[in-house]
Amino acid sequence: MEGSGEQPGPQPQHPGDHRIRDGDFVVLKREDVFKAVQVQRRKKVTFEKQWFYLDNVIGHSYGTAFEVTSGGSLQPKKKREEPTAETKEAGTDNRNIVDDGKSQKLTQDDIKALKDKGIKGEEIVQQLIENSTTFRDKTEFAQDKYIKKKKKKYEAIITVVKPSTRILSIMYYAREPGKINHMRYDTLAQMLTLGNIRAGNKMIVMETCAGLVLGAMMERMGGFGSIIQLYPGGGPVRAATACFGFPKSFLSGLYEFPLNKVDSLLHGTFSAKMLSSEPKDSALVEESNGTLEEKQASEQENEDSMAEAPESNHPEDQETMETISQDPEHKGPKERGSKKDYIQEKQRRQEEQRKRHLEAAALLSERNADGCVDGRRQETPQCILIVASRFHPTPLLLSLLDFVAPSRPFVVYCQYKEPLLECYTKLRERGGVINLRLSETWLRNYQVLPDRSHPKLLMSGGGGYLLSGFTVAMDNLKADTSLKSNASTLESHETEEPAAKKRKCPESDS
């Protein structure tokens, strides 16, 4: 059932949202391999050693399977009825089958000739089955395995799916795990659960995972609430965030703040002049007003293409960069107009970025304290801290916890266990936290098929470690000298009782 519509959300549902449109970010899927791209007309895409154009996917629904035809065109794959068990001829035992390489009558030259004639991969697989002398002697399970292997090799079936946290995390972990600090997808799911990330939260995130953690948080929050991203260097990296294809309304609650200004904000010495004194470079201020520029999309495509076949590193990448460079945002000063207009546009972006930094500083300075309005208690959103970076977590967490109000969760990710153990010890000494947990998830995939379900032979060795807990109000007895005597008397009373119990022991022995 649909809502009454009295409170419109940031992302209204349109009838065509389930269909692919020009400019959308999509994920290409072939078997267990993924790649994130942006749909653009007449843009050549290389995926799994094959090139094609995405023009024909526009207008189709997400999840549609396409077949690569001659000329790089994608055509929707027609469903074909699988042969029933009654029509299949299968043997009962494989013990008499000898793999001597002579069972297939078709040679490599014959298969190449079939490809040159434009015969589809489905027909090639069928001819391989017909020209195999041992196929009918194999068991039914062996036949299915043989067909699956040949389809993977000769059929070019590509499915276009909608980007999501699960798909993008699997893609990054399989292709370039170093860019996300080797964070496995189940570990990311644990982070989102332990952090209680939901709509309306006030989030603080410090991550160097190409924006994957940030995008996962934005997807869960659905455009409601605010996120403050702390970044090192000249600007935040959000290549993976751009792959989600969020609407502009989602970016209104996204703020960024430089990590090197956090100490000044904690000590109360932060001012707007500190931001204006920073060097501003046009390459570093592409993120103005939280808008994701096309430059990050091109960086993401270049990162993904590095994990592919070596053939995709030369002509295809150059064509991709040429396509994106045609955007008016990436034209030089002469193409945009006069040099004066270019300088004014650059100054306008710098001023917008400065305003966003000041807004982020104001949100951090609130420290999410509960407030009262007109004598009534004001309910404040949860301020949650998420840290997933390549830096040592201890100094980051100890400084950022000051921005988190009591009774709020925090989660820290690290690829290795030892830095989190040190962080665990420092938090115990500092106090102000409870329910500290250092955990590691164990993941193993299973093959689920009729009569042959079993764990897969290969599994992931590790997906990182998580340190989670809750903040509590610090004990103020140490700061108040008038309460020290009361505390000491309470401690003396508590120590007297065990002393009396100890005196009973020798009496009972005598």
Side-chain angles (χ1 to χ4, degrees), residues 19-80 108-128 149-163 167-168 171 174-176 242-243 245 294 297-327 330:
R19 295 192 176 273
I20 305 170
R21 293 170 292 186
D22 189 13
D24 287 354
F25 284 91
V26 299
V27 176
L28 306 179
K29 178 180 180 294
R30 182 177 178 182
E31 297 293 334
D32 296 329
V33 183
F34 298 89
K35 182 182 179 181
V37 297
Q38 186 179 17
V39 177
Q40 293 180 358
R41 297 183 183 274
R42 302 308 303 167
K43 175 185 174 183
K44 184 183 290 186
V45 177
T46 303
F47 182 45
E48 289 294 289
K49 300 181 181 180
Q50 286 189 330
W51 63 270
F52 47 85
Y53 297 96
L54 297 176
D55 298 43
N56 292 341
V57 306
I58 299 175
H60 288 274
S61 301
Y62 283 101
T64 304
F66 296 90
E67 187 173 6
V68 182
T69 59
S70 58
S73 177
L74 292 180
Q75 297 297 331
K77 178 176 171 55
K78 298 180 180 179
K79 293 184 179 180
R80 185 179 180 183
Q108 291 293 332
D109 295 336
D110 297 335
I111 297 174
K112 186 178 180 181
L114 293 175
K115 289 182 179 180
D116 295 339
K117 291 180 181 179
I119 297 178
K120 295 182 179 180
E122 192 174 358
E123 297 178 3
I124 294 177
V125 173
Q126 187 63 30
Q127 291 198 23
L128 288 172
K149 181 180 178 181
K150 297 304 179 183
K151 282 184 176 181
K152 183 177 181 180
K153 185 175 182 180
Y154 295 105
E155 285 190 8
I157 305 300
I158 295 172
T159 306
V160 182
V161 297
K162 196 175 182 66
I167 292 175
L168 291 178
M171 180 193 74
R175 297 168 70 89
E176 295 174 311
C243 296
E294 294 291 336
S298 65
E299 291 176 357
Q300 170 64 19
E301 291 189 7
N302 293 336
E303 291 174 0
D304 291 341
S305 62
M306 290 172 62
E308 290 185 359
E311 292 82 2
S312 64
N313 290 335
H314 299 287
E316 289 78 14
D317 285 349
Q318 293 175 3
E319 183 170 351
T320 301
M321 293 299 295
E322 291 173 0
T323 305
I324 295 178
S325 63
Q326 294 175 3
D327 191 277
H330 292 270

key: Minimum side-chain heavy-atom gap Val33-Arg175 below 4.5 Å   = yes
request  = To the nearest 0.5 angstrom, please state how far the NZ atom of Lys112 sits from the CD atom of Gln108.
outcome  = 10.0 Å
query = Do the non-hydrogen side-chain atoms of Val160 and Thr64 ever get within less than 4.5 Å of each other?
reply = no
For the student: nearest non-hydrogen atoms of Ala36 and Leu168, plus distance = CB-CD2, 4.2 Å
inquiry  = Let me confirm one number: the CZ-CD1 distance from Phe66 to Ile157, rounded to the nearest 0.5 Å.
reply    = 11.0 Å
request  = Taking all non-hydrogen atoms of both residues into account, name the closest pair between Leu54 and Leu28 and its distance.
outcome  = CD2-CD2, 4.3 Å
key: Rounded distance (nearest 0.5 Å) linking atom CG of Asp22 with atom CD of Gln38   = 8.0 Å
ask   = Is the NZ or CZ atom of Arg42 positioned over Tyr53's six-membered ring, under 6.0 angstrom from the centre and within 45° of the axis?
value = yes
inquiry  = Please give me the minimum heavy-atom distance between Gln40 and Asp55, naming the atom from each residue.
reply    = O-OD1, 4.2 Å
Which atom of Val125 lies closest to which atom of Lys150, heavy atoms considered = CG2-O, 3.8 Å
query = Can you find a pair of side-chain heavy atoms, one from Val68 and one from Leu74, that are under 4.5 Å apart?
reply = yes
inquiry  = Using modelled atom types and a 3.5 Å cut-off, is there a donor and acceptor pairing between side-chain atoms of Arg19 and backbone atoms of Gly59?
reply    = yes
request  = Could you check if a side-chain atom of Leu114 sits within less than 4.5 angstrom of a side-chain atom of Tyr154, using non-hydrogen atoms only?
outcome  = no
request  = Nearest 0.5 Å please: distance from the NZ atom of Lys149 over to the CG atom of Leu128.
outcome  = 11.5 Å
task = Of all the heavy-atom pairs spanning Pro76 and His60, show the shortest one and how long it is.
result = CG-CE1, 3.5 Å
query = From Ile158 CD1 over to Glu31 CD, what is the distance, rounded to the nearest 0.5 angstrom?
reply = 11.5 Å
Option from Thr69, Thr46, Val45, Val57 for which side chain to side chain contact (heavy atoms under 4.5 Å, CB included) with Phe52 holds = Val45
remark   = Looking only at heavy atoms, the pair that brings Gln50 and Ala156 closest together is OE1-CB, 3.0 Å
key: Pairing residues for Asp110 by the side-chain hydrogen bond (donor to acceptor under 3.5 Å, both in side chains) criterion, not counting sequence neighbours   = Thr107
task = Return the set of residues passing side-chain hydrogen bond (donor to acceptor under 3.5 Å, both in side chains) with Ser73 (not counting sequence neighbours), or none when no residue passes.
result = Asn56, Gln75
